[in-house]
> 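One structure follows; several queries about it will come next.
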Number of protein chains: 2
Amino acid sequence: MTDKKEKILRAALELFAEEGFKSTSTNKIAKKAGVSEGLIFRHFGNKDGLLQAIIQEGEEQAKVLFADIVMESDPKKLIEKYFGLTDKLLDNPEMANFWKLQYKIKWELEIYGEHKMEPLELALTNAFKKLGYKKPDLEARLLLINMDGMATRYYLQEGFNVKEMVEYFRNKYKQ
Amino acid sequence: MTDKKEKILRAALELFAEEGFKSTSTNKIAKKAGVSEGLIFRHFGNKDGLLQAIIQEGEEQAKVLFADIVMESDPKKLIEKYFGLTDKLLDNPEMANFWKLQYKIKWELEIYGEHKMEPLELALTNAFKKLGYKKPDLEARLLLINMDGMATRYYLQEGFNVKEMVEYFRNKYKQ
DNA sequence: CCTAATTACGTGAGTACTTACTTACTATAA
DNA sequence: TTATAGTAAGTAAGTACTCACGTAATTAGG
């Protein structure tokens, strides 16, 4: 991975997350990265290849992020760790940018990409089963759906207090 | 409102909801509506004016939709009516299209437009207060956040079973 | 170890096509 | 007769992508 190739990736991630995939021109990406426009196509083939490269890189990040949660065997601790995700995401600006991009392109290209979340959903389902929930799969999905909603607010509603909301929701699973 | 003007509005709503605002060309709208491209600009000034017209029309629809819920004085019934929203939205395809557009442009243009939901949030807050909830405002917001999450899944995740999820969530507020 | 050949990296100026929007014009109705 | 509704054919400014051309790095052979 050359220096300029990485600069393209970083510039594209930022611009895609800010302005969307289709609305971001390759010209703009090249200017932000400080390279010639042609270099983008040399390295990634076409604009879509660039997007795929960004997505793939992010998926690997996500796996690392989820690993610690999924491995937890104590159900209560697992749920606690799940709620801890938010803080991790908020503290790392590059990670936050990547997740913003994820949601943006979800809506722009209308693909949900559930496989990314599947291990997390399964782990949560198992935890709720151990805790005696009658419908552990639905309870797990409810948590993830709530996460989607939180993300919508966090990224789009100015002044939305995530931490307060997460704290309130988390408390429902504490006792 | 002339016949052709309305055809433009309908075509634009559909295309914006399907492909997004920026990605839909005025040329395409004109072809779908069966009018000349220039007529769009005669009636709406520019592409943004067309979007505004669609949004405004939809906001009026939303007010009508929420009115029945907001007016309800019995807290339990109010919450029940809130959960009934889903069925109403799913049964009316034009309404479904409008809400899809709402979420799409939220992410595309990064504006949340909370004022539209405010009366609903206030009404729910009041209902939870009457029912003795310690933090009725947060509980109300939780419901709306959940709705955002459900919408994300419903519109983007193929094969997502909304009714089952809504039913499960609704049951938490029944007793 | 030096040189020659090959590959990978990088650019600037082009390509054909699409974009939102304009203009000059006609038909229709009040 | 005057405003309104409607059109066809433009326009300049993008758009993703290509191409001919260099230069730097890597490898191969004597």
Side-chain angles (χ1 to χ4, degrees), chain A residues 1-58 97 100-102 104-111, chain B residues 1-58 97 100-102 104-111:
Chain A
M1 175 87 67
T2 62
D3 184 57
K4 297 211 168 183
K5 190 174 180 185
E6 226 182 281
K7 271 185 182 161
I8 292 172
L9 278 171
R10 252 192 266 284
L13 171 58
E14 261 188 62
L15 287 171
F16 287 165
E18 266 171 40
E19 304 175 18
F21 173 65
K22 287 180 193 165
S23 300
T24 303
S25 67
T26 47
N27 178 306
K28 209 171 188 176
I29 296 169
K31 272 184 184 150
K32 176 151 194 167
V35 303
S36 71
E37 201 178 344
L39 192 58
I40 294 174
F41 298 92
R42 164 125 300 157
H43 279 309
F44 303 98
N46 53 30
K47 201 184 165 187
D48 223 81
L50 173 56
L51 178 63
Q52 293 309 323
I54 290 175
I55 289 180
Q56 208 186 346
E57 211 186 8
N97 240 3
K100 185 174 175 182
L101 171 67
Q102 288 297 313
K104 265 214 148 150
I105 60 168
K106 263 182 206 184
W107 281 102
E108 197 176 333
L109 310 177
E110 295 200 17
I111 36 138
Chain B
M1 175 88 66
T2 63
D3 184 56
K4 296 210 169 182
K5 190 175 179 184
E6 223 181 283
K7 271 186 180 158
I8 292 172
L9 278 171
R10 253 193 264 286
L13 171 59
E14 261 188 62
L15 287 170
F16 287 166
E18 266 171 40
E19 305 175 17
F21 173 65
K22 287 179 193 166
S23 300
T24 303
S25 67
T26 48
N27 178 307
K28 209 171 189 176
I29 297 168
K31 272 184 184 150
K32 177 152 196 166
V35 303
S36 71
E37 200 178 344
L39 192 59
I40 294 174
F41 297 92
R42 162 125 301 155
H43 279 310
F44 303 99
N46 54 29
K47 201 184 165 187
D48 223 82
L50 174 57
L51 178 63
Q52 293 309 323
I54 290 176
I55 290 180
Q56 207 186 347
E57 210 185 10
N97 240 2
K100 185 175 177 183
L101 171 67
Q102 288 298 312
K104 264 214 149 152
I105 59 168
K106 262 181 205 184
W107 280 102
E108 197 177 332
L109 310 177
E110 295 199 19
I111 35 139

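All values below come from the heavy atoms of this structure, side chains included, with hydrogens, waters and symmetry mates left out. Proteins get letters first, then strands, A, B, ... in listed order; numbering begins at 1 in each.
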> Taking only Lys NZ, Arg NE, NH1 and NH2, and the carboxylate oxygens of Asp or Glu, determine whether A:K28 and A:E19 approach each other closer than 4.0 Å.
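Salt bridge between A:K28 and A:E19, a charged N being under 4.0 Å from a carboxylate O: yes.
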> Can you tell me how far C1' of D:dG10 sits from CG of B:N27, to the nearest Å?
14 Å
> Just call it for A:S23: base, sugar-phosphate, or nothing, with non-hydrogen atoms closer than 4.0 Å on any strand.
nothing
> More than 12 heavy atoms of other residues, nucleotides or ligands under 6.0 Å from NZ of B:K7: is that the case?
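At most 12 heavy atoms, drawn from other residues, nucleotides or ligands, come within 6.0 Å of this atom.
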> Could you tell me the separation between the CD1 atom of A:I40 and the P atom of C:dC9, rounded to a whole number of Å?
15 Å
> Looking at every heavy atom in both B:A11 and B:I29, which two are closest together, and how far apart are they?
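Nearest heavy atoms, B:A11 then B:I29: CB-O, 4.0 Å.
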> Using whole Å, report how far CZ of B:F41 lies from C1' of D:dA5.
16 Å
> Rounded to whole Å, how long is the line connecting atom CZ of A:F44 with atom P of C:dC9?
11 Å
> Please list, pair by pair, any protein nitrogen or oxygen found under 3.5 Å from a nitrogen or oxygen in nucleotides 10-14 of chain C.
unit_1 : atom_1 : unit_2 : atom_2 : d
C:dG10 : OP2    : A:T2   : OG1    : 3.3
C:dG10 : OP2    : A:H43  : NE2    : 3.3
C:dG10 : O3'    : A:K4   : NZ     : 3.3
C:dG10 : N7     : A:R42  : NH1    : 2.9
C:dG10 : O6     : A:R42  : NH1    : 2.5
C:dT11 : OP1    : A:K4   : NZ     : 2.8
C:dT11 : OP2    : A:S36  : N      : 3.0
C:dT11 : OP2    : A:S36  : OG     : 3.2

> Given atom CD1 of B:I29 and atom P of C:dC21, what is their separation to the nearest angstrom?
11 Å
> Distance check needed: C:dA8 C1' versus A:M1 CE, whole Å only.
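Distance, rounded to whole Å: 15 Å.
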> Closer than 4.0 Å, any side-chain N/O of B:S25 to the OP1 or OP2 of C:dT18?
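Checking C:dT18 against B:S25, no side-chain N or O comes under 4.0 Å of OP1 or OP2.
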> Is there a salt bridge (charged side-chain N to carboxylate O under 4.0 Å, His left out) between A:K100 and B:E110 once you walk through the steps?
CA-CA 11 Å; A:K100 185 174 175 182; B:E110 295 199 19; 3.2 Å; yes
> Can you name the closest pair of heavy atoms from A:L13 and A:N97 and give their distance?
CD1-O, 4.3 Å
> Any ion pair linking B:E14 and B:R10 (charged N to carboxylate O, less than 4.0 Å)?
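B:E14 and B:R10: not salt-bridged.
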> Whole angstrom is fine here: how far is it from NZ in B:K28 over to P in C:dA20?
11 Å
> Between atom CG in B:L51 and atom C1' in C:dA20, what is the gap in whole Å?
15 Å
